[in-house]
Amino acid sequence: MARGRFITLEGLDGAGKSTHLTWLVETLRARGLTVVQTREPGGTPLGEKLRALLLADPMHLETEALLMFAARREHIAQVIEPALMRGDWVVCDRFTDASFAYQGGGRGLAREKLAVLEEWVQAGLQPDLTLMFDVPTEVARSRVTGMGRELDRFEREKSEFFERVRNEYLARAAASRGRMRTIDASRSLDQIKKSLQEIIATI
Ligand code: TYD
């Protein structure tokens, strides 16, 4: 049985990731693939409890990073690795690039510390493909604040925080040797779908 593919989606809150995730999963299923759709932080019963804490409770920035990776350890063991071993494809809403972008770029946690956690928790596991939905920070911000729902602890951060998150995502994409594909998500939905079609046709 061939190992499945591991695809992650990234981008600022408000970049439109969720819309494209639904479309991507449907498109892959229409190809006859078995797709496990999941998310981080979360994806397991324990991970979802950690998510609730992470999105609501104030905490030290290192505690935040450690809990993100604790949830990830459980997620890899319980969901991601077994699915890939079965030959299923895994589509995950956020993964470790978000830790580097938010805890590293946004909060200023040393990249070396994150790299230690990445090596420990993932032991070499990396996404085969990461779709990074990029929009100018102001566009993402106005979409999030215009949703009319209560904002979580990350969404309440200032524009400068999101500017640093975005810059980190862009820098990682440039250094990723093709693993991360930056998608200009300020275009129309049809144009974005066309780009996605082209990218997934190659994997
Ligand atoms: P997200 O799935 O975008 O939430 P929503 O359901 O509101 O679309 O992710 C929740 C938040 O978690 C998001 O603001 C980014 C943050 N996050 C990190 O800071 N580090 C991480 O490693 C991950 C996976 C997420």
Side-chain angles (χ1 to χ4, degrees), residues 3-13 15 17 21 36-85 89-134 152-158 160-182:
R3 194 176 159 85
R5 296 293 170 92
F6 181 27
I7 302 176
T8 61
L9 282 79
E10 298 283 355
L12 293 183
D13 305 82
K17 204 166 39 65
L21 182 123
V36 174
Q37 180 184 337
T38 185
R39 68 169 180 182
E40 290 207 349
T44 64
L46 177 65
E48 292 294 326
K49 288 185 187 166
L50 293 173
R51 177 187 178 92
L53 295 174
L54 280 159
L55 296 193
D57 292 24
M59 61 185 76
H60 188 278
L61 69 97
E62 293 192 350
T63 309
E64 183 178 290
L66 288 163
L67 289 181
M68 290 288 179
F69 276 95
R72 184 163 297 137
R73 184 70 195 92
E74 195 66 15
H75 194 203
I76 291 170
Q78 303 292 342
V79 176
I80 299 175
E81 199 54 55
L84 295 174
M85 293 279 286
W89 286 39
V90 176
V91 175
C92 189
D93 188 348
R94 299 192 184 282
F95 194 63
T96 300
D97 294 303
S99 303
F100 280 94
Y102 283 77
Q103 281 67 55
R107 303 242 192 264
L109 180 60
R111 313 297 192 274
E112 296 72 27
K113 290 190 174 172
L114 292 165
V116 169
L117 293 174
E118 179 185 34
E119 176 53 34
W120 179 7
V121 164
Q122 290 164 231
L125 174 74
Q126 289 293 344
D128 297 295
L129 171 70
T130 298
L131 301 167
M132 204 279 277
F133 295 89
D134 183 55
D152 67 39
R153 204 164 61 82
F154 292 97
E155 292 164 338
R156 286 197 299 272
E157 286 291 339
K158 301 189 291 290
E160 301 85 78
F161 174 89
F162 290 101
E163 203 58 49
R164 294 195 298 275
V165 171
R166 183 185 184 206
N167 288 338
E168 186 69 20
Y169 269 134
L170 290 170
R172 285 181 68 75
S176 75
R177 297 200 218 98
R179 173 185 59 89
M180 289 176 81
R181 303 289 299 266
T182 304

For C92 and H75, which heavy atoms make the closest approach, and how far apart are they?
SG-CE1, 3.7 Å

Side chains of F161 and R156: does their closest heavy-atom pair fall under 4.5 Å?
no

How far apart are the closest heavy atoms of F162 and L12, and which atoms are they?
O-CD2, 3.7 Å

Rounded to the nearest 0.5 Å, the OG1 atom of T182 sits from the CG atom of L170 at a distance of 6.0 Å

Please collect all ring pair (Phe, Tyr, Trp, His ring centres under 6.0 Å) contacts where either partner lies in residues 37-56, sequence neighbours excluded, each pair once.
none

Find the distance between CZ (R51) and CG (L53) and round it off to the nearest 0.5 Å.
12.0 Å

What's the separation between atom NZ in K113 and atom CG in L66, rounded to the nearest 0.5 Å?
9.5 Å

Is the closest side-chain heavy-atom distance between D93 and K17 below 4.5 Å?
yes

Any chance you could measure E168, atom CD, to E163, atom CD, to the nearest 0.5 Å?
13.0 Å

Taking V116's backbone N and O only, do any of them form a donor-acceptor pair with E119's side chain (distance below 3.5 Å, no angle check)?
no

Candidate pair R181 and E10, rule salt bridge (Lys or Arg N to Asp or Glu O under 4.0 Å), full reasoning:
CA-CA 10 Å; R181 303 289 299 266; E10 298 283 355; over 6 Å; no

Identified side chain to side chain contact (heavy atoms under 4.5 Å, CB included) partner of V90 from the options T8, T38, D128
T38

Check A71 against G47 and note the closest heavy-atom contact, atom names and distance.
CB-CA, 4.2 Å

For the residue pair A65 and L109, what are the closest heavy atoms and their distance?
CB-CD2, 3.4 Å

Going through the checks in order, is the side chain to side chain contact (heavy atoms under 4.5 Å, CB included) test met by M68 and L117?
CA-CA 10 Å; M68 290 288 179; L117 293 174; over 6 Å; no

Going by atom types alone, do Q126 and E118 pair a side-chain donor with an acceptor below 3.5 Å?
yes

Student check: side-chain heavy atoms of Q103 and L61 closer than 4.5 Å:
no

Interatomic distance, M59 atom CE to L54 atom CG [nearest 0.5 angstrom]
4.5 Å

Cation-pi check, R172 onto Y169 ring (under 6.0 Å, within 45° of axis):
no

Check R94 with D13, please: is the shortest side-chain N to carboxylate O separation under 4.0 Å?
yes

Using the six-membered ring wherever Trp is involved, compare the ring planes of F95 and F6 and label them parallel, tilted or perpendicular (cut-offs 30° and 60°).
perpendicular

What I want to find out is whether R153 reaches E64 closely enough, with some N-O distance under 4.0 Å, to be called a salt bridge.
yes

CA sep, side-chain torsions, deciding dist, call: R39, E48, salt bridge (Lys or Arg N to Asp or Glu O under 4.0 Å):
CA-CA 9 Å; R39 68 169 180 182; E48 292 294 326; 2.6 Å; yes

Side-chain touch V165/E157, heavy atoms, less than 4.5 angstrom:
no

Minimal non-hydrogen separation, G43 against V79, with atom names
O-CG2, 3.4 Å

Around atom CE of M85, are there more than 12 heavy atoms from other residues, nucleotides or ligands closer than 6.0 Å?
no

State, to 0.1 Å, how close L50 and L67 come at their nearest heavy-atom pair, and which atoms those are.
CD2-CD2, 4.0 Å

Side chains of R179 and D97 in contact at under 4.5 Å (non-hydrogen atoms)
yes

Within a strict 4.5 Å, meaning less than it, do heavy atoms of the T96 and V121 side chains meet?
no

I'd like to check M132 versus S176 (side-chain heavy atoms, cut-off strictly below 4.5 Å). Are they in contact?
no

Rounded distance (nearest 0.5 Å) linking atom CD1 of I76 with atom CZ of F69
8.5 Å

